[in-house]
Amino acid sequence: MCYAISVKLSAQVKLNTTPAQAAVLKETLQQANAARDYLSRRAWEARVFGQSPLHKLAYSDTRAAFPNFSSQIVVRAIAAVVDAYKLDEGTQRTFRRAGAIAYAARNLRWSTDRQEVSIWTIAGRLHLPYQCGEDQRRLLQSRQGQADLVYRDGAFYLHQTCDIDPHKPRDPDGWLGVDLGIVNLAVDWEGETFSGAQIEARRRWYLERRKTLQAVGTKSAKRRLQPLSGRQARFQRETNHCISKALVAKA
């Protein structure tokens, strides 16, 4: 028997907003998380943590308390509270004021040809242009399911779930091959070399230092031994990180 296999990835785009639009989006996030806190309090007091029971308990009251909310936004808020209590029913769950909220398809429409979204807010729908890279544009062609509105570093982003067929061939725009080794940590196919001489020299220095301290054997020497391995590991991680960043930037 054969099964269809897909991989879920997230396409991330940045919304281009005016100050007024950004204020509306931020207020929408804050009110949505206030609704989550309200639902969480009701769930906690009644000890009701399932989707259907919490919907019966608090859906109508939540619509009344937050009259600007669409039914789907309230349903998503209930789902967020239920998911939170799946992690721990022993603590009343609370939500960050500007935490991400989920949008179903009826509250968020994509116009990928114009690079624009129509998104529900407490002040009505906003039509917002977005920006993203070519890889994200390709991903959006396979969008499926909900998207999360995220506020980060003063800007708004949409994280859209996409279903990708991992067996579907893809033609890359170009290649950058990299050979990994010890003497030379990395050599790319254009001939740029990242030598391992500095790491090897530092490794030998730490090795000799450990031998010397071990030979001394005093309490002071033993105390000085403990940080050495950590320093060596941090130096190697930092070197590898710098090489990786250089290769990614070049690619």
Side-chain angles (χ1 to χ4, degrees), residues 6-41 51 58-59 62-63 65-87 93-164 245 248-249 251:
S6 64
V7 175
K8 290 189 180 296
L9 297 176
S10 178
Q12 301 182 23
V13 306
K14 182 179 181 180
L15 299 178
N16 295 328
T17 60
T18 66
Q21 291 169 335
V24 169
L25 287 178
K26 194 168 185 179
E27 181 65 21
T28 298
L29 285 181
Q30 291 174 350
Q31 287 203 25
N33 282 292
R36 289 174 172 182
D37 280 337
Y38 170 79
L39 285 160
S40 178
R41 185 169 63 253
Q51 178 85 22
Y59 172 83
T62 305
R63 289 296 305 274
F66 298 88
N68 290 336
F69 282 14
S70 70
S71 60
Q72 189 62 34
I73 294 299
V74 175
V75 169
R76 299 311 305 165
I78 293 172
V81 171
V82 170
D83 286 344
Y85 277 110
K86 285 179 182 177
L87 299 175
R93 315 304 288 180
T94 58
F95 295 83
R96 292 185 299 110
R97 288 190 69 210
I101 62 172
Y103 278 83
R106 69 180 63 180
N107 295 118
L108 175 70
R109 287 196 284 273
W110 293 85
S111 297
T112 53
D113 55 335
R114 299 196 305 271
Q115 282 200 199
E116 181 183 273
V117 294
S118 170
I119 185 170
W120 175 92
T121 73
I122 57 171
R125 280 191 173 267
L126 294 181
H127 296 269
L128 303 173
Y130 64 83
Q131 62 187 68
C132 64
E134 186 58 37
D135 283 346
Q136 304 302 307
R137 276 193 286 271
R138 281 195 290 262
L139 269 179
L140 286 173
Q141 301 308 312
S142 304
R143 60 188 181 275
Q144 187 76 31
Q146 72 178 35
D148 292 332
L149 176 64
V150 177
Y151 180 65
R152 184 174 68 246
D153 299 329
F156 290 91
Y157 300 83
L158 282 172
H159 295 193
Q160 171 65 58
T161 301
C162 302
D163 281 348
I164 304 299
K245 285 188 67 176
V248 168

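Remember, it's a predicted structure, so these values are computed and weren't measured experimentally.
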Compare every heavy atom of [Y] with every heavy atom of [X], then report the nearest pair and how far apart it is.
X	Y	answer
T62	A35	CG2-CB, 4.5 Å
T28	I122	OG1-N, 3.3 Å
R63	S71	NH1-CB, 3.3 Å
V81	R36	CG2-O, 3.4 Å
S10	L139	O-CD1, 4.0 Å

Under a 4.5 Å cut-off applied to non-hydrogen side-chain atoms, are [X] and [Y] in contact?
X	Y	value
K86	D83	yes
L149	Y103	yes
D163	K8	yes

Should we say atom [atom1] of [X] is surrounded by more than 12 heavy atoms from elsewhere, each under 6.0 Å from it?
X	atom1	answer
Q51	CD	yes
D113	CG	yes
R96	CZ	no

Give a yes or no answer on whether the side chain of [X] reaches the backbone of [Y] with a donor-acceptor pair at less than 3.5 Å.
X	Y	result
S118	H127	no
Q115	Y130	yes
D37	F95	yes
Q160	G145	yes
R137	C132	yes
R143	L140	yes

Does the side chain of R93 pick up a donor-acceptor pair with the side chain of S40 at under 3.5 Å?
no
Do Q72 and W120 get their side chains close enough for a donor-acceptor pair, meaning under 3.5 Å?
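No pair is found: no donor N or O on one side chain lies under 3.5 Å from an acceptor on the other.
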Distance (rounded to the nearest 0.5 Å) between [X] [atom1] and [Y] [atom2]:
X	Y	atom1	atom2	answer
I78	I73	CD1	CD1	12.0 Å
Q144	L9	CD	CG	13.0 Å
Q136	T112	CD	OG1	13.5 Å
R76	I101	CZ	CD1	11.0 Å
Y157	L15	OH	CG	9.5 Å
T17	L126	OG1	CG	9.5 Å

By the definition side-chain contact (heavy atoms from CB on, under 4.5 Å), identify the one residue from V150, L29, L128 that meets it with F156.
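Output: one option passes, namely L29.
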